[in-house]
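Please read the structure below before turning to the comments.
Each chain gets a letter, A, B and so on, in the order its sequence line appears, and its residues count up from 1. The analysis underlying the following values was restricted to heavy atoms, covering all of them including side chains, and did not include hydrogens, waters or symmetry mates.
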Protein chains: 2
Amino acid sequence: MRGKGTTKRVTITDVAKAAGVSKTTVSRFISGDIESLAEDTFKRIARTIEALNYRPSKLARGLKGRRSYLIGVVLADITNPYSTAILRGAEDACHKHGYNLLACNTDNNPEKERNYILMLQSHHIDGLIINTTGQNNTLLQTLSAENLPIVLVDREIPDFNADMVTVNNRQAIAQATQFLIHRGYKRIAYFTQPIRGISTRTERVQAFSAALNEAGLATNQDVYEVDSEEQIRSSIQRFLSSSEEHPRVIFAGNAVILLKVVLELQRQGIHVPREVGILGFDNPDWAEIVQITTLAQPTYLIGVQAVEQLLKRMNGEEEPYQHIALPVELMVRGSTPNV
Amino acid sequence: MRGKGTTKRVTITDVAKAAGVSKTTVSRFISGDIESLAEDTFKRIARTIEALNYRPSKLARGLKGRRSYLIGVVLADITNPYSTAILRGAEDACHKHGYNLLACNTDNNPEKERNYILMLQSHHIDGLIINTTGQNNTLLQTLSAENLPIVLVDREIPDFNADMVTVNNRQAIAQATQFLIHRGYKRIAYFTQPIRGISTRTERVQAFSAALNEAGLATNQDVYEVDSEEQIRSSIQRFLSSSEEHPRVIFAGNAVILLKVVLELQRQGIHVPREVGILGFDNPDWAEIVQITTLAQPTYLIGVQAVEQLLKRMNGEEEPYQHIALPVELMVRGSTPNV
DNA sequence: TTGTAAGCGTTATCAA
DNA sequence: TTGATAACGCTTACAA
């Protein structure tokens, strides 16, 4: 009973009474079990529901053991346009199927993540979409074993059996790196957020090194794990002063790093692309304005697919777990001219 | 029962049995009613809960009539950085208090909005935060009358009694307009998304006209309601060709319009700020990169405040409804030089 | 085609 | 300090 006065909710019992039938019959109506209802009864119930303005309680339905119509989404950072787009896609898909989304934000903090997972569990979510820190694998395993459908997005967990929706990071990185080499860049620096065992970041760095090796270019020394402005500033300086004799370019591992790098270059008055080129993973809307070459992920689609996959599992599909890898598109813009 | 095999959830009954006490006693433990528990009992229950890995069901608690620990957030567009930031703030505040957020996206579509509100109701949400289309006022009134705490963010509803968290649009617009005039601009065009009775948009346009009038400048003919790229293109042309003899500037009513306008100017090769200045309401992260003067809203704070206000109401606070108007900050950048 | 009654996991009331 | 028991609003065997 919130607030002051108490207005009680219209329940299935009210409808049953008013329509002169049993709760069961009304329940059948609600669940769409129409065939087993006399036409007359059907109409009467329909009218009554309309008149009383009745809305079945998903809460009560959920408790009884079927579905809560709730899907949990646990993301590392809601503010990141990448996450937002996923959220958006997932939300649309949910709405289409009568589900609601419980949105959680972990800030890449494993404890917060754990906390959220437990909260979601206590809400009896029907499925979980998670962009995980990778530090709560046991808990996730348990939930999965308890038959909670889980879809991992963006990041994988080794030896974890679950559906996954990601992009093909290796291929994307290879494509972009080769593109840069073809354009004539001799020194390529890869800037990433701290790797910390996060699969996506590891994969991208590895693919980057592999692509450089394959092209016979120096490797490894040009991977920078950065986070703070200070780190970014010093890394940029280190890279630029060590590569003065060559055409060079910075490859930013995601949109967050990309933004910070661009801002820092600007602050230092370093001209793009004359002094250094730039290419970014993720394609934030401003990349077009600033004319930055990017790898665009189908983020919206990732969200939609994750929900679709969840729904399949919730409906009892038994097929082996799938790893859906969606394609990434290279958007060539002005920040990476031929050199 | 989702999936295939069925693992049943650990319930309060299991704990009670294992600990050799009644459900009631365990319930007391859960609800933090510690004083009425013997120390021995307390410890035993604690151990049992730990051992069985028990998590109380918020669903069941919700049904029983207390709280669902769910707060609904209905936003016009989750992708808009403005909305995202609110979501982020609200999410943080919720988490702090053990609540979860049900995130909904209406695309400014009144029917979708109505749909969502009803869905949220059926989940027994404890409170609602809404950035409304303004077309479901009756429904909102009803819910409010049924004691659902509601907080309006960003947009108001005339004659609607509820708490509100917004920014002071009039003051912000006045400040920015005067700033532009002081800088020497003689023609100022205001670009807004279709107004359609949305309070925020109306207010901003009115404040804009008022500020121009006060300064003795021509008014009204320079307000453009735009949405599609086509409309933006033609409006820009109309404005520029009608103002050739004066220093001029475009005032974008929000971040969505700002982005579109900047892109369009770029496509047409129109130089900012030499040929036309730009100022935007909202302060997306890329505004710093492109050096655009903006009005920055404390979006994160809006989300936090909305939740705090909700919690107060849920805890029975009876004070008159409040309208919290947070300050906007003018971020002066390169797109509006002295002319 | 419809209804009865038990139960989902909690909390509230009343007794002990 | 503890416990029985009846709700909360719905679904689901099982009957009729």
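Here B:Thr11 lies in heavy-atom contact (under 4.0 Å) with sugar-phosphate atoms only. At the heavy-atom level, B:Tyr54 lies under 4.0 Å from the strands shown only through sugar-phosphate atoms. Counting any heavy atom pair closer than 4.0 Å across all strands shown, B:Arg67 reaches no nucleic acid atom.
The separation between A:Lys58 atom NZ and D:dT11 atom P is 12 Å, rounded to whole Å. The nearest whole Å value for the distance from the CD1 atom in A:Ile30 to the C1' atom in D:dT11 is 10 Å. Distance, B:Leu63 CG to D:dT11 P: 12 Å, rounded to whole Å. Atom C1' of nucleotide D:dG9 and atom NE2 of B:His124 are separated by 7 Å, given to the nearest angstrom. Between B:Tyr69 atom OH and C:dT10 atom P the separation is 13 Å, expressed in whole Å. Going from atom CZ of B:Arg9 over to atom C1' of C:dT10 covers 12 Å, rounded to whole Å. A straight line from CZ of B:Arg61 to P of D:dG9 spans 18 Å, rounded to a whole angstrom. At whole-Å resolution of the value, CD1 in A:Ile49 and P in D:dG9 are 16 Å apart.
Under the rule for a ring pair (Phe, Tyr, Trp, His ring centres under 6.0 Å), A:Phe160 has no partner lying at least two apart in sequence or in another chain. The ring pair (Phe, Tyr, Trp, His ring centres under 6.0 Å) check on A:Tyr300 picks up nothing, with sequence neighbours excluded. By the side chain to side chain donor-acceptor pair (under 3.5 Å) test, B:Asn105 is found to be paired with no residue, residues two or more places apart in sequence or in another chain being considered. Applying the side chain to side chain donor-acceptor pair (under 3.5 Å) test to B:Thr200 and every residue at least two apart in sequence or in another chain returns nothing. For B:Thr25, the side chain to side chain donor-acceptor pair (under 3.5 Å) test picks out B:Ser22, with sequence neighbours left out. Partners of A:Glu91 by side chain to side chain donor-acceptor pair (under 3.5 Å), not counting sequence neighbours, listed by chain and number: B:Tyr116. By the ring pair (Phe, Tyr, Trp, His ring centres under 6.0 Å) test, B:Tyr54 pairs with no residue at all, sequence neighbours left out.
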Per-nucleotide protein contact string for nucleotides 1-7 of chain D, where B marks a base within reach and S marks sugar-phosphate only (heavy atoms under 4.0 Å, - for neither): SBBBB-B
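Of the charged side-chain nitrogens involved, none lies within less than 4.0 Å of a carboxylate oxygen, so that B:Lys96 and B:Asp92 do not count as a salt-bridged pair. Ion pair A:Arg313/A:Asp126 not flagged as a salt bridge, since none of the NZ, NE, NH1 or NH2 atoms sits closer than 4.0 Å to an Asp/Glu carboxylate oxygen.
Between the axis at the start and the axis at the end of the helix from C:dT1-D:dA16 to C:dA16-D:dT1 there is an angle of 30°, using five pairs per end and rounding to 10 degrees.
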